[in-house]
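Here's the structure we're looking at; comments come further down.
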Amino acid sequence: MAEKSAIAAVEAAGLTHQVTRHGRVKSLEEAAAARGVQPHDLIKTLVVRRAEDDYLFVLVPGDREISWPKLRALLGVSRLSMPDAETAREATGYERGTITPFGSTTAWPVIADTLVAEPDRPISLGGGDHGVGLTVQSGEALKALAAQVADVTTKE
């Protein structure tokens with residue numbers, strides 16, 4: 001079960017964490033309320049493709065979206081894309097809506113938006129299964145993931 005991989009990875013990293021299990025949710029606000037965090041602190045893990053079999057994770061606050069020009073400039077590339085749901089599952093081991101860098105089948109590089117890193121606070125990431133969230137301290141999580149922190153988002 002993918003959920004166990006995510007939880008095991010967080011535990012192996014020695015992170016203080018809370019696992020929240022809730023039913024399916026229909027909105028960012030519902031998901032944040034179910035996990036006891038603000039919508040801004042519900043972190044989306046997006047899989048981005050740089051090239052064939054070359055992906056990375058981008059951590060984005062729930063109320064923001066990737067700024068493609070900023071991300072392309074950071075990576076020094078002219079083209080990026082988001083894989084379809086099946087390709088993302090093959091690359092990570094997780095279904096869309098459950099993806100987390102923790103316990104992914106491949107440890108792809110992680111880029112976290114500056115708003116994820118500041119200040120060190122509880123954030124909730126996907127837990128590897130629908131209706132499962134992992135709440136961790138932002139600073140500890142980003143350190144464990146060796147995340148690169150950069151301004152890569154814009155307001156939705």
Side-chain angles (χ1 to χ4, degrees), residues 1-22 28 31-51 53-77 80 82-83 88-89 91-156:
M1 176 185 268
E3 170 189 339
K4 291 183 181 173
S5 297
I7 295 168
V10 168
E11 289 173 349
L15 298 180
T16 302
H17 66 283
Q18 177 181 347
V19 177
T20 306
R21 291 179 175 82
H22 54 81
L28 169 67
R35 296 182 190 184
V37 297
Q38 295 299 312
H40 183 77
D41 296 325
L42 186 79
I43 306 303
K44 300 180 281 193
T45 301
L46 303 176
V47 179
V48 174
R49 180 188 348 229
R50 283 190 281 204
D53 296 322
D54 182 14
Y55 301 91
L56 57 112
F57 293 110
V58 180
L59 304 182
V60 176
D63 59 352
R64 296 186 66 87
E65 60 187 32
I66 289 176
S67 166
W68 293 103
K70 289 179 183 179
L71 187 57
R72 284 192 304 268
L74 176 71
L75 297 172
V77 299
L80 294 167
M82 293 188 65
R89 189 194 60 73
T92 66
Y94 297 120
E95 288 182 38
R96 257 201 201 140
T98 72
I99 295 174
T100 176
F102 290 105
S104 173
T105 52
T106 301
W108 301 111
V110 177
I111 296 175
D113 186 68
T114 53
L115 296 173
V116 175
E118 297 286 337
D120 194 16
R121 66 189 191 283
I123 57 171
S124 185
L125 300 160
D129 204 356
H130 292 286
V132 179
L134 290 171
T135 302
V136 293
Q137 288 293 92
S138 63
E140 291 177 15
L142 298 182
K143 184 177 178 184
L145 294 167
Q148 178 181 358
V149 176
D151 176 11
V152 294
T153 67
T154 187
K155 192 76 175 154
E156 287 187 332

Determine the minimum heavy-atom distance between [X] and [Y], stating which atoms define it.
X	Y	value
K44	R64	NZ-O, 2.6 Å
R35	S124	CD-OG, 2.9 Å
L142	A112	CD2-CB, 3.6 Å
S138	A117	OG-O, 4.1 Å
I43	P61	CD1-CA, 3.9 Å

Show me the donor-acceptor pairs, under 3.5 Å and distance only, between side chains in residues 98-106 and residues at least two apart or in other chains.
residue, atom, partner, partner atom, Å
T98, OG1, E95, N, 3.2
T98, OG1, E95, O, 2.6
T100, OG1, F102, N, 3.2
S104, OG, T92, O, 3.4
S104, OG, T106, N, 3.4
S104, OG, T106, O, 2.8
T105, OG1, A91, O, 3.4
T105, OG1, T92, O, 3.4

Rounded distance (nearest 0.5 Å) linking atom [atom1] of [X] with atom [atom2] of [Y]:
X	Y	atom1	atom2	answer
L28	Q38	CG	CD	10.0 Å
L56	R50	CG	CZ	5.0 Å
L125	L145	CG	CG	7.5 Å
I111	L46	CD1	CG	11.5 Å

Could you pull out all residues at least two apart from [X] that satisfy side-chain contact (heavy atoms from CB on, under 4.5 Å)?
X	result
P83	V47, R49, Y55, T87, A88
E65	T154, E156
A34	H22

- Message: Given I123, which partner from the list V136, L134, T135 fulfils the side chain to side chain contact (heavy atoms under 4.5 Å, CB included) test?
- Response: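 Among V136, L134, T135, the one that satisfies the side chain to side chain contact (heavy atoms under 4.5 Å, CB included) with I123 is V136.
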Acceptor/donor pairs from residues 67-75 side chains to any protein atom, 3.5 angstrom cut, sequence neighbours excluded:
residue, atom, partner, partner atom, Å
S67, OG, K70, N, 3.4
K70, NZ, D151, OD1, 3.0
K70, NZ, D151, OD2, 3.2
K70, NZ, T153, O, 2.9

- Sorted by first residue and then second, give each salt bridge (Lys or Arg N to Asp or Glu O under 4.0 Å) pair with at least one member in residues 98-124; sequence neighbours left out.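 Matches after skipping sequence neighbours: D41-R121.
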